[in-house]
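Letters A, B, ... mirror the listed sequences (proteins, then strands); counts begin at 1.
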Amino acid sequence: MTYMLANNKVVVANDSFKIETLDYWLSPKFRKYGCKWRITEKKHKLDVIVNTVIPNQLCYVPYPFETKGKKRIYLSGLYEGSTTIKGTFEGKSVRGVGYTELTHTR
Amino acid sequence: MSVNSWGDMLNVSEHDVLSLIVSDQNNGDWGEYPYDVGKLHFPRDEGIHDYKHEWWYLNLHLMNLESGGKYDVMLTYFPKQDVMPFPMRYFMITDRGDHTYSPSKKFTFGSLRVSDEKQDIRFRKGLRFDSWLQLNTGFAFEYGVNVNNGRDGLSVLMRSRRPPLPVNGDGYVPAGVGGYSYYYSLTRLNVAGYLKLEGKHIPVVGIGWVDHQFGNYHKQNKLKHMNGFVYNLTIMLILSVGTPIQMENLLISIRL
């Protein structure tokens, strides 16, 4: 996790953040996609809830991968969608916008 | 509708829009090329590299200047790569109001030409042309973007209000066993121009975010490794106090 603060200072917080999935959307193929997360980070007392705007905003994209030495392309249903964010940062109320890209869970 | 009346969430003021037109910004050491930060060198690293994987990713959060409607845009370009036989573009417009998104087919194969010296991406599908070019304004990190996807499209100018964010502190990101990549984000761009939606041109202003990653790393070998994995989560957080311009000064950006 990398921050850029208001004064353009860059802060790396790779060891002090946590993402919890609070809710899922179930696709017609019975695949679970996260649609609500809580993100916390200790250094800057970040605690925000991230919600997708459209939970089923799937994007079927050719996803290349290698298996047993062979290159294959799998049409993967990635979630690619807009998010809204609300919470606190260093004790102050914050809100914002974002974009999320993720795969399903089983 | 005035621009300021929209600023509650996306933090775009009239000053922001005007600053897109008048090149008056004094951004210190990052306002002009060349600019180096960490292991990244601009404008060179805005262009294409000779690695296994590379992509450019743009997210926009826009407002219809006529109706106040809100839209989000995702635009991504992938050149031909070791494991991807054809260049590809993803393009999607989300209408936050009615919770719809278009086009229905979001990825397009085509031909792609990218400069190895600066931001200069040209994509072609038949007689339809896209471009994402560095503007010749004398200032760094200013772009014109045009997407032609038939009845959907985009034509905007963008200016960065923040220096590039070198992900992981210096822009160097280890990626899997023996893999590595270079990664930067432009976390706050001012954006103005037109969206084309169902054949209709919509005047828009807003904010944007750019990601560019390049490197040699292995995609997951087995699909089970992809299980529920969050690839990218970009967040613009705005403290909900003060006037829009003051809020600008409190804005933080986060790259997960």
Is it the case that atom CG in D15(A) sees more than 12 heavy atoms from other parts of the structure closer than 6.0 Å?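 For D15(A), atom CG is not crowded (no more than 12 foreign heavy atoms under 6.0 Å).
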
For Y172(B), is the OH atom crowded, meaning more than 12 foreign heavy atoms sit under 6.0 Å from it?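 Yes, the 6.0 Å shell around OH holds more than 12 heavy atoms from other groups.
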
Is N8(A) in contact with chain B via its backbone, its side chain, both, or neither, using a 4.5 Å heavy-atom distance?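 When you check distances to chain B, atoms from both the backbone and side chain of N8(A) fall under 4.5 Å.
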
So does L5(A) get a backbone contact from the side chain of R162(B), meaning a donor-acceptor N/O pair under 3.5 Å?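 Yes; at least one donor-acceptor contact below 3.5 Å.
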
Keeping T2(A) on the side-chain end and N168(B) on the backbone end, is there a donor-acceptor pair under 3.5 Å?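 Between the backbone of N168(B) and the side chain of T2(A) there is a qualifying donor-acceptor contact (under 3.5 Å).
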
Describe, in one word, how the ring planes of Y99(A) and H61(B) are oriented to each other, choosing from parallel (under 30°), tilted (30 to 60°) and perpendicular (over 60°).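 Y99(A) vs H61(B) ring planes: tilted.
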
State the OG1-CE distance between T187(B) and M4(A), to the nearest 0.5 angstrom.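 T187(B) atom OG1 to M4(A) atom CE measures 5.5 Å (nearest 0.5 Å).
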
Which value, rounded to the nearest 0.5 Å, describes the distance between F107(B) atom CZ and C59(A) atom SG?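 Answer rounded to 0.5 Å: 8.0 Å.
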
Which atom pair, heavy atoms only, marks the closest approach of [X] to [Y]?
X      : Y       : result
M92(B) : E80(A)  : CE-O, 3.3 Å
L58(A) : Y101(B) : N-OH, 3.8 Å
V53(A) : R96(B)  : CG2-NH1, 3.6 Å
S82(A) : D72(B)  : OG-OD2, 2.6 Å

For V10(A), the option from V167(B), V37(B), L165(B) that meets side chain to side chain contact (heavy atoms under 4.5 Å, CB included):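 Of V167(B), V37(B), L165(B), side chain to side chain contact (heavy atoms under 4.5 Å, CB included) with V10(A) is met by L165(B) alone.
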
